[in-house]
Every structure is written in C-alpha cells, then in structure tokens.
Amino acid sequence: MSCSLLEFCRLQELKTVRDYLFQNQKSEPVEEKNHAENELSWETSDWEAAWDAGDGKEEEATPAAAVEEEETTGQSGPWLHDCIVSLSPCSDLLVVAREQKAVFLSAKWRTDDSGREEMTLAVSWTGSLSTDEGECVSSSICIPLASQKRSSTGRPDWTCVVVGFTSGYVRFYTENGVLLLAQLLHEDPVLRLKCRTYEIPRHPAVTEQHEELSILYPAALVTIDGFSLFQSLRACRNQVARAAAAGSDVIQPPPLAYKKWGLQDMDTIVDHSSVGVMTLCVFDQMKNASILGGFNASVKGSPPAMSQYVAVGGGPYTGFYYAVEGSSQPLLSHVAMAVASKLTSALFNAASGWLGWNKNKNEEETVQKQKPKVEPATPLVVRFGLPDSRRHGESICLSPCNTLAGVTDDFGRVTLMDLARGIAIRMWKGYRDAQLGWLQVPEERGDRQHSPSASHPRRHALFLVIYAPRRGILEVWAMQQGPRVGAFNVGKHCRLLYAGYRLMGVNSVTSQGWQLHTQQVCLLDPITGALRTVNIPFHLALSDKKSERAKDMHLLKRLTTILRSREVEPDILESEAKSALLEIKHPAIKKQALESLLANKNAPVSCLTNITSALNDTLKQQDPEGLDSVLVELCSSQLKLLQLYNDIQQLHSATDTQTCSEALESLEGIEEELSRVGPTLQRYAQLTSRPSVSFAQDSPNLPLSAQAFLSQMEYTEEGQLNVIRGSETEWNKLGSFLFWGCLCGKSPVHEVCDTLQQAGISPQQLLSLLLSVWLQREKEVLQKPEEYAKNLHTLLITFSNMKGAVEESWDTQSISPWWQQVRCTCVQSHNAAASLLAAFVAHRAAKASITSRADSKLQEWETVSLELEQWVVCVRQLEDVLVLQTLLLVPPPQGSAGGAAPQCSIKMLLEGGTGGITDSVSKWVFRHNLAPERLKEILQEREDKEAEDKLEQAEGEEGKDEKERSQEDTDRTAELLVAVCQRFPHSLSPDLLLAHCCWEYVVQWNKDAEEGRYLGWAVEHLKLVSSPHIQLGICTMMWSTFIVKRFSAAAFLMEKVGKAPKDRLFRRDVGMGDKAVTSFLGCCVQLLQILMEADSAVEEISPPELSVEEAWCGAEGPASIAELAMEQKGVHFPLVQHHCLLASLMHAAMTFILKVKPLSLFDSKGKNAFFRDLTSIQLMPSGDSDPGLVSLRQEFLLRVLTGWVQAIDDASSSASGTGSSPLPSNGPKADWWPSLCLELGSLLQVNPDILRRHLVCELYNQGLDLRAEEVMLEVEDKDVLGSQLLVLTGQRLSYLLLHSQSQTQPAMELLARLPPTLCTWLKAMDPSELRCLLVPLSQTSRLVGRLIEMLPENHAQYSLALHLLEAVEALTTED
C-alpha cells in the first residue's frame, strides 16, 4: 500500500526515431541533398521495413550497448532533452519533434513472448513540419477531441497535434500528419502552448472553467476559445476527408474566436499559466480598490469576473495578471485553411496531382508570400508579482484544482505558489533543471462507507511529483505541507510528461457517465523506451505524524507475509503475529488482521487461542466508549469458539465412557428387527463395499482443523451459536468431529452433549449434524450395527431431553416437529441401510419419549397413535427401499450396458409418481440384459413356486457349463427380484413391470437405433403383457412416439429408390443401417399385429384396476406408463391392418432384397391413409382393385415365394432329398413366409391358388419334393398345376436322358424304345431352367404318379403323362 511506478506502455523503434531526428548531423552533404529532394514525396514503407527489422535488436540491447550506439552516432547521452516531446493525456499518441522534423508514435496492441497483451507506441508518421524557410518547432501539445456520438463512453474520437513555430505560426495536424489549420496570430516565436479542458466541479464552490488553448509569445498571450477551436478543427477535418475522397472545393470554416493580451511590466517571460476565471470576495475587492484607486476609490456592487494569468521569467520573477471579463472584445481570425496552401504532408503530396490542387505554382507562391493580417494586442499590466532581481523563473506547472502552482528557477529551487493569495508557501532546494507534475488521487470507496460523512463528495488528495534529472530521482510530495511519500531512482535522461488537461469538447451534459481513461503523470525513459505512471494510494495523504493508518497497513502486510511463510516455528509465529496485531490501532484493520490470522491453516490452535485472548484482554483494558463494538464481539466470540474446539478435542481423547441404562431399556426388541432384515443388510453391505475412487482430503477420518471449525460457526445477536451449513463435505466433517467418537462408544456422550448445549447450539442443528454423519458413514455402521445403534439411541434420547428440542406446548393433535426432522432426513437419504437403522432407533426413542410424557401428564391416545403411526409407515417404506436399493446395486453382467447404480430414496420414489418404483426396476432389467422369457419365469416363480422344476426341465441343453458357473449369482439375483416383487405386489405386478420394461427398451432403442434387438425385446415384453387394454395403449404410444416417423421415412425412401436402398441412404434418411431397418420393419409388423389382436380382445375383457401399496399411497408426480396406456383412445382397425400390410410388404422386400415401390402397390385412397393417426377414421380402399395393380401385387408376392424357396434350400436338404429339417423362427428362412404371402394375397385381392401353384412348382424346381407335396394338398386347380408339373417332370427326364454327362447304355436303349412323340417332346425341353438337376429317380417317379392322379383321363396331355410313367418305371427297373 505504498507508492509504485507501473509500466503501462513501451516505445518501439526508439533508435529509429533518434536516427531520423538527428540524421543531418551524421550524414554527408550529398545525402542531405537527396533527402531534401525526396522530402515532399516521403514514403513510410521503407522506414517501416527498417523499424520492423530493428525491433528485436532494439529491445534486446542493454543500456551499455545503447550508450555505445550513441557514441558511434556522435550523439551525447540525453538526446531527448534536445527534442520537444508531448504526450496525449490518453497515452495513445506521442510527438517527438526537433528543428523542422517530427515523429508521431501511435498506440498499438501486441502479444509478448509470454502471450500477454501489452500496449506499445509505434511510429505512425514521420516528416518535416516547417513551411517557411528557417522556422523551427518551438512547442507542441496533443489534444484529444471528444466524440460527439451518443454511444461514446469517454474515448477520444481523434487527437489533434498543435505545433508552435519560431516564425509565430501555430499549425494544427491530424494523427497522420495531415495539416488542418495554420494561424499567424503574432509575429514573435511561440514560446509555450498550453491547454485547459472541462473538469466536473467537485463541489459547488468551484467555478466551472471554460475550455481554451493559450499561446505564449515573448511579450504577448493569445487565448483561443475552446468551443470555437473544437468546431473549427472538426470542420477542417471533415473538409480534408471530403477533399481526399472526391477532390471537392474547399468551404471556408468558421473563424476562430481569440483574445490577445500584451503582457507588460515584465523584463522576460519564458512560461505562463492560464488559471481561469475567478471572482474576488468583497474584502479582496475593497482592498484592491483602495490600493489601486486610493482613498476616494469607488467600489462596484458585485465583484467582476476576471481571468487570471501567471507568467514566470525575470523582473519580476513571477507576475500575476488579471483581465476583467468584457474589457476586451474577442477577435475573429481569418482561418487559413491548410488544404488551400501547399501541403507538406506525405499523404497529400502524393495525392496532390489527382486532387487538382497544384493548378498554378505562381498562385501558391503568392499565397505563401502574402501573410495574414496580425491584430494588435490589448495591453495588460501586471497587478503584482514576486520581485527577485537575481532569480529567473524557468517553468510553471498548474495544479488540477487551479489553486496551486509549482515554479522552477535557475537557482535549482522548486517553489510552491498559492495562486489565490499570490504568495510562495513552500520551497525545495537542490532540484536544478527540475520537471514538475501533479497527481490528484480520489479516496477509495471502501474507506468512508461506514463513516458519518459517507454521503459527502469523495475527498481528493493532491501530490506534487518532482523529477530531478541531475540526481536521477523521482519524488512524490503530499500537499501542501506534507512529507515526501515516495522516491524512485529512475535514471538521469528521463522526461516527465504532464499534460494538465483531458479531452476537449466535453461539457457538463456529455460527460455524464463517462469513464475518462487518462494518465495524469507519465515518465518516459529514453534508454528502455518504457512509459511509466505513478500510482499513489489515497491514505498516503494522511501519513503525517497524527495518522496511523499507513503504519497499520504496513503491519497488516507484515502479518500477512508471516502467515504465508510455511517454515516459521510456531513460537516465532505466535510472538510476531501477537506484536503485529496489538500494535495495529485502526479497528477495521485490526479486525481484518484477526480474521486473516484465524483463517490461516498453518497456525496451531494454542497459538490462535493465546493471541485472541491477549487481544481480548487489551480491548477490555481500553476505554469502553472508544472501542469498536464489532471488533470486541468478534474477539470474544472467536475466543469462545476456540475454547469449545479445545474442550471437544479433550473429551474425545478421554477414555472413561459410560452408558445410559435408561436409554438401553427403551431399546429392547431392536435385535429382533435387526435379525429380520439381517440377510438383506448383509447383501447390501457386500454390494456397497465394492472399491471406489475418492479424494484423500474428503476423507471423514481426517481431523477437523480449528480454522474449518471456526469458519462453520457464528454467534447470533441473541448470543446463540449458529452452525453455518456450507458444502456437504464440510458439514459431514464437522458432524464427524463432534459425534463420531460418541457413536463409536469412545467418547462420553453426556459430557459432549452438555458442552455443546452450554455453547448455545440448538438441538435441531445438533440432530442434523448427528444424522448426516450417521448416514455418511454407513459402511462403518454396517460392520457392527447393534453397537452403533445403541450409541445412536443414547444420543437421540439425550438430544430430545435438551431444552428446545421437543416443545412443551406441543399440540396434542399434531405431529412432533422434532421427530418429523428425523423422518425427513431418513426420507431424503440415499443411504438405505443407515436410514432404516436410524428409523428403528428413532422409532424406539420416540415411543419411550411419548410414554414418559404420557406418564407425567395425561395424554390423549390419538396423539400417541398418530406420531407412532407415522413411524410405522416410515419404517415400512425404508424396509421396502432397502430391498429395492439392494437389487439396484447388483452389478450388471460384463458386456451389458453399464453406468453407475441408481440411488433411490423414499422422497425420490414418491416424487417419481405411481410408476416410480416400476420404472427403477425396469431400468435395472435393461442394465442386466434380462431376456423377456427369463423375466416372465421369475415373475411366475413369485406366483407359483412349483413351476421351478418344470422350468428347469424346459431349459435347453445349450450352455450348461456357463450356467453352472454363474448359477449361484443368477439365483441370488432372481431371489432378490422376487423379494422386491413381493414387497411391491401392486406396483410390480407382471403386467405393469413388463409394460415398463417394454417402454424402457423402446426408449433405449430410440437413443441408438442400430441396436435392433432393443426394439425386438420391447415387442417381446409387450407380447407377454396379459391385459389387452395395456397392450393397446402402449402399442399406440410406441407407434406415435417412436415408430411412425422412421417407418414413413423408410417407406418414402424405398418408394423413391424403387428397391432396397443402400446402407448410406438409410443412415441419412432413417438414421440406421440397412440390416437394422430390416429388423425394424419386422418389429413394426409384430407391433401392429399385437395392436390388432389387442383391439379385438378389448371388448371381451374388462380393464384392469391399477392400485398402489398402502404405504406408498402418497406418491405425487407423473402418471405411470400403464396409467397413460389406459387413457389412450381406441384405434381404427382397418387403418392398423392397412399399415400392417405395408410393413409386411416392406419387410419382405428388405429381407429378400427385391425391387419394388411399396406405396405404388396401393391406389390413391390407400396411399392417403398411410401414416395418419391410428385412432382417426380414414377413407380406406374398397371394392375391386385395378387389374394392373393386382398383377403388380401378384408378381411381387410370387417373387417373395421364390426368394423364400431359394433361401431355405441348402446342400444337406437338397442332397438328402428330405428337406424336412426344422426352419428358424425369423429371418428369410422362417417357415411362416408362405402363409404370410397367402394372407397378404387375400388382402391384396390376389388369387391364393396362383400363389400355392407357384410355390409347389418352385419347391419341385428346387428339388424340395416333400415340402412341395405338403403344399400340393391345398391347391384347388389341379389341372393347371398338373400341366405345370408335367413340364417340370419332362425337364428332369430330359436332363437325365439327353443332357447328363454320365449317360448309361440302358438309358440310350430306353431312349430308342420311347414313342416318337415323347422323344420329340423331351428333346424340346430345356433342363437349364431347373435349379436342382440331380434329383433322385424315386422322387421323379413319385412326381409322375402324382401327375397321373391329378390329370383327368380326358386331359390333352394325359397320354403324355402315361408315356412318362412308363419311361420312369423302365429307368427305375434298369437301376
């Protein structure tokens, strides 16, 4: 909290700036000539390239290297002292000028090596500013101009560079070196340019000052009105921009309003300060009148307003001038518009040709030669001064508050002047060539917010900054008679840059809400290029002999440093911290120091206690009236807490413990309850004791530090001790610290409870802490449940006997809030076993408490029963939750969907609604990958225990070894599930559980549609639901929520492609691959079939009654899936059948990869009915369909049958000829495809007999004669079939006799014996149409026999069939 120098910016390319400004001293005459020629057409690109190349070298150069460079270039060390330097108050523009040249450096942001953003000043423009021959730059300032936009927040719009010359000209430039205005107001050299801008008055007594620019000449002072100048500069800049854009004519800007004073009665003037408008008080007015006018002088009624100017120089050393307002009329200058004269700017020289300004050189020369008219000055005599014939003033620096000024002189003195009284009030010596600046520091907001004068305006402290270059030191002095508050060694070649103004163009209205980002004082170091600002805390203004705040801050800082160091010995830490704390005087800082000490983790408890008690003793000895009550309260309360911490620690370390016999009596019978739930508790303990990851610092076994203890305790205004509930971990640690010793039986329960009660902690908070630690340490509790339960019971009884626990005025008709708190904690806890044990214990304790109250005073029985009834329900619920949680904790088998085991509590299950319990079990079923059939078996076991033997017999032989390995785990899991179902007979009835499982699987399938088995299992679960009402509702919800969108997308895609689309197209449109789509369509068919069956059965069966267990009637939340299913509307059967038809066709097309446009197999009515809500009545196709459509349908179904026949044929069946091997239940080989095609045929108006005949022919063609014979029995039109099979028999015989490679002699002889008609017919046959050529003769013989039976004798081909029979018999006989 002391003065500091902060670097906020760094100059780039300093060497380049110096080389450019001083290059005429080291360059050859030839180079000078070339430079003179190129000056007007200056290009910055070469310079920029040079600067960029030199960046790294300049930054890396050490000061020694820099000095070496200076010597080689022939320059002396302080090169910057020969230059005129000015910095914008916004620190975004720096001007360095020497003789005719100038360099402008603008702010840029760059990233340094460490990745931090830092501001730098980089060269943005270089060039010559002189226009007239022989003139040089004599003064410059940078004035930022405020933006006129409403959205502005205080950043300048642009910065104007004002430069004064030895010729008397004052010229105004933009940041890019573009000349805006040139004014010749006096024909002497310009000595100084100074500016004053608007400042918000800090209080009503301060006169509001107007903005102005003042220009000092050797014997004259010109002041330009700020508003006039602001408007002119804006107008000129706009004109220049327009001229650059379009070459438009120049418009004359408004003239400048200025005043010109001839300063008389001083021998030499070198610097000045325009103090502003002031009004004298009546006494000073009369004093001045009598001095100036003598005895008979008259005095005006009101004091006139005057502008005060102070000049420094010689004879007198300081002169005070007063110009009465209205004594001189403002002069109006002829504004010499810069763009009308010759441009020296690089930009405008380059553009001058195409802007059309260089029309006539003679015109320009005449403009230059003809100087503007110079107005005469109004004489102004010195009112008074400080005469000192040998002392000559060098500079004057006005303070921000306009009341003080610092003056330097040639004797090496710095004088502080009081401008209102015109006297010197302080002088420093030994500061030759000193540079001055001022800092005005506002008071911090936090310092006065508690003080009585907080509503008053903020105080400001004033500091004078003096830079002594001869000594290389920067000093900060408090005003007016304050001490030196800061000193820095900064080097001998720096420049102190103090602007003394802010933004021009601001007034009391526009400045509202602005944050002006301006630096007051900056120090420029030309060796490193660093720009630094001085940071001074406000309290240093108070740091005189009477103020102790600075010392207090220093002591606080020292204390903080001690506390941070880890290596300090406890004794040293205690003595150092105690001395620092006792030495601090300011109560607020003392409080801050005490808080930081108590929050420190390195300090031991004894150290904290000793220091706090020492402070407490010191405070007691002081005068009570002067004490800070907050500090006293804090000190005494923290001391009490430290004592409490020590007491509890000592009690826990004590060995003698005793149990309460009264408490144990009321605990009788708990062993029975524990033995009843014992097996479940053991299983639960096994499942929860699996290894898990936790952080060491979160372990409850770690001792609680005193700092953590203090941070969680606070005393209320009533003197009660309140425990602050922070994070769960901190709360549990505090609970463990207070009660774990008691629960383990290692600490005396009554002593601990008495200590806590005396400390003032409420029983309710103690109960909350006890229950939290009991629940959190469930694993330890389950190791010895009986022992821990007894200790918990003792604690609960002790707590309930405390004052304020169970209220004396307890209403007999209501529930006790004390025991309700225990129930609430158990109800909300996820630790099922610990909650149940706590409920057992609390139930007994409540019973004992109520009994004792009943004995003491007659109590109505209703109250007793009401309270205990709540406990009975709570215990019942907790037992249910324990069994359920144990089931949920069973880990899923490897490879199934994992994830953390879900936690459940009474509160969560009640909030989950009537289906909350069923939902959690269905999620468990999903995680365990339990097959629907297995789930059904387990549910049947619950209802019928005798079914186990039958189920074991029905189990297949497959995977016996695996079952033997995991049989025990599986059986235990099944037992657990049965136990859960028995505890929830209504919520987990088979239909409800299956319905929830179905919904869980379809939800999981929707998340990952590639997992087709999830949807398949969802449908399987749905099939097992016995109630058609639930089936119907869930089917409807599944269809509308998950299925229909993907189903319609698949249908439209297949319609568009005209065949089974590729995998990529399905993924894009349907969101799954082609194999998953096939499975999905099969599930759609099954789902719609279930829906149709359920719709048919709904009328016959009454709807089921959904009920909940008595203990769980209070469930509030969303309705269960079964309830939602019961609320669904009935469906429109024909529409469901219509969709089922489409799904079957699409499934067939995908299974056998057939070309088809599924929607084109339906007429317009049929197409319009698709994908509508199944409950709506739609216009369905009726009557006979279009024959073309029917033929399309027939062709598709025939291709499906062909595909199925080809799919079921395999090598074994075709070779053996049996073809009777069992077929799978799904996939392309499923045995139900023919019957499905026949069923579809009847719905699509296709003749089923055609389909049967085609199937028979295809089966014979494939060599599957036995299957063909089975189907042949159902064919009605045997004649047509006979003709078809006759051709097929001929093809078989033709291959055998004519086309076979191994033709036998008997076969050739038989061919010769055959009738010519048969021979010709056989030769006309094409056996290549047969898919199975090598069919045994016996099968062909059976086929011919069937033919003879089928064909009537009058059939045209009957004789041919007889000839065939003879031929086959002959062949058989030969074999």
Side-chain angles (χ1 to χ4, degrees), residues 1198 1201-1202 1205-1206 1209 1213-1220 1249-1304 1306-1375:
L1198 295 180
L1201 289 170
T1202 306
V1205 172
Q1206 288 174 354
D1209 179 40
S1213 64
S1214 57
S1216 64
T1218 59
S1220 59
D1249 209 49
I1250 295 173
L1251 300 178
R1252 289 195 193 96
R1253 291 203 301 267
H1254 177 77
L1255 178 60
V1256 171
C1257 294
E1258 285 295 320
L1259 288 167
Y1260 274 120
N1261 196 345
Q1262 197 75 40
L1264 303 173
D1265 290 26
L1266 289 179
R1267 289 187 186 279
E1269 286 174 15
E1270 290 172 12
V1271 180
M1272 198 193 297
L1273 299 173
E1274 298 172 15
V1275 176
E1276 294 172 3
D1277 194 342
K1278 297 283 173 67
D1279 292 5
V1280 180
L1281 179 62
S1283 304
Q1284 289 171 326
L1285 291 179
L1286 191 67
V1287 174
L1288 201 137
T1289 314
Q1291 287 170 342
R1292 282 187 182 181
L1293 210 58
S1294 172
Y1295 176 78
L1296 205 62
L1297 297 174
L1298 301 171
H1299 298 276
S1300 176
Q1301 297 296 322
S1302 56
Q1303 287 187 343
T1304 58
M1308 299 302 291
E1309 289 174 3
L1310 174 67
L1311 197 61
R1313 290 205 305 272
L1314 288 178
T1317 51
L1318 181 60
C1319 223
T1320 312
W1321 186 73
L1322 284 175
K1323 285 176 184 175
M1325 292 292 113
D1326 181 12
S1328 64
E1329 292 177 7
L1330 289 173
R1331 282 195 294 277
C1332 181
L1333 298 167
L1334 295 171
V1335 182
L1337 257 176
S1338 59
Q1339 288 191 21
T1340 312
S1341 174
R1342 279 174 64 92
L1343 174 58
V1344 177
R1346 298 275 180 195
L1347 273 175
I1348 299 295
E1349 291 172 13
M1350 256 189 272
L1351 292 173
E1353 291 183 8
N1354 59 354
H1355 195 278
Q1357 292 171 317
Y1358 186 73
S1359 58
L1360 197 61
L1362 290 173
H1363 289 313
L1364 273 175
L1365 182 63
E1366 289 171 11
V1368 172
E1369 282 175 355
L1371 270 174
T1372 313
T1373 313
E1374 292 292 334
D1375 286 353

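In what follows, every heavy atom counts, from backbone to side chain, and hydrogens, waters and symmetry copies are set aside.
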query: When rounded to the nearest 0.5 angstrom, what distance separates CZ in R1346 from NZ in K1278?
result: 9.5 Å

message: Is it the case that the side chain of S1294 and the backbone of L1322 share a donor-acceptor pair, with hydrogens and angles ignored and the cut-off at 3.5 Å?
response: yes

- request: Write down the atom of L1281, the atom of C1257, and the distance for their closest heavy-atom approach.
  value: CD1-SG, 4.2 Å

query: In a check of side chain to side chain contact (heavy atoms under 4.5 Å, CB included) between Y1260 and each of T1289, L1285, L1255, V1335, which one passes?
result: L1285

- prompt: Side chain of D1265, backbone of T1340: donor and acceptor closer than 3.5 Å?
  reply: no

task: Count the heavy atoms of every other residue, nucleotide or ligand shown that sit under 6.0 Å from CZ of R1342, and state whether that count exceeds 12.
output: no

- prompt: Any donor and acceptor pair, going by atom type alone, linking the side chain of H1363 with main-chain N or O of L1318 inside 3.5 Å?
  reply: no

query: Where the side chain of T1320 meets the backbone of P1316, is there a donor-acceptor pair that is under 3.5 Å apart?
result: yes

query: L1360 and W1321: which non-hydrogen atoms are nearest, and at how many Å?
result: CD2-CE2, 3.5 Å

- request: Consider only side-chain N and O atoms of Q1291 and E1329, and report whether a donor and an acceptor are under 3.5 Å apart.
  value: yes

- prompt: What's the shortest heavy-atom distance between V1205 and E1258, and which atoms?
  reply: CG1-O, 3.6 Å

query: Within the side chain of D1249, is there an N or O that forms a donor-acceptor pair under 3.5 Å with the backbone of V1275?
result: no

query: Which heavy atom of Y1295 sits nearest a heavy atom of P1327, and at what distance?
result: CB-CB, 3.7 Å

message: In the structure I gave you, are the side-chain heavy atoms of R1292 and L1330 within less than 4.5 Å of one another anywhere?
response: yes

field: Atom pair NE2/CG of H1254 and L1198 - distance to nearest 0.5 Å
entry: 4.5 Å

query: Out of curiosity, L1297 CG to K1323 NZ, how far, rounded to the nearest 0.5 Å?
result: 11.0 Å

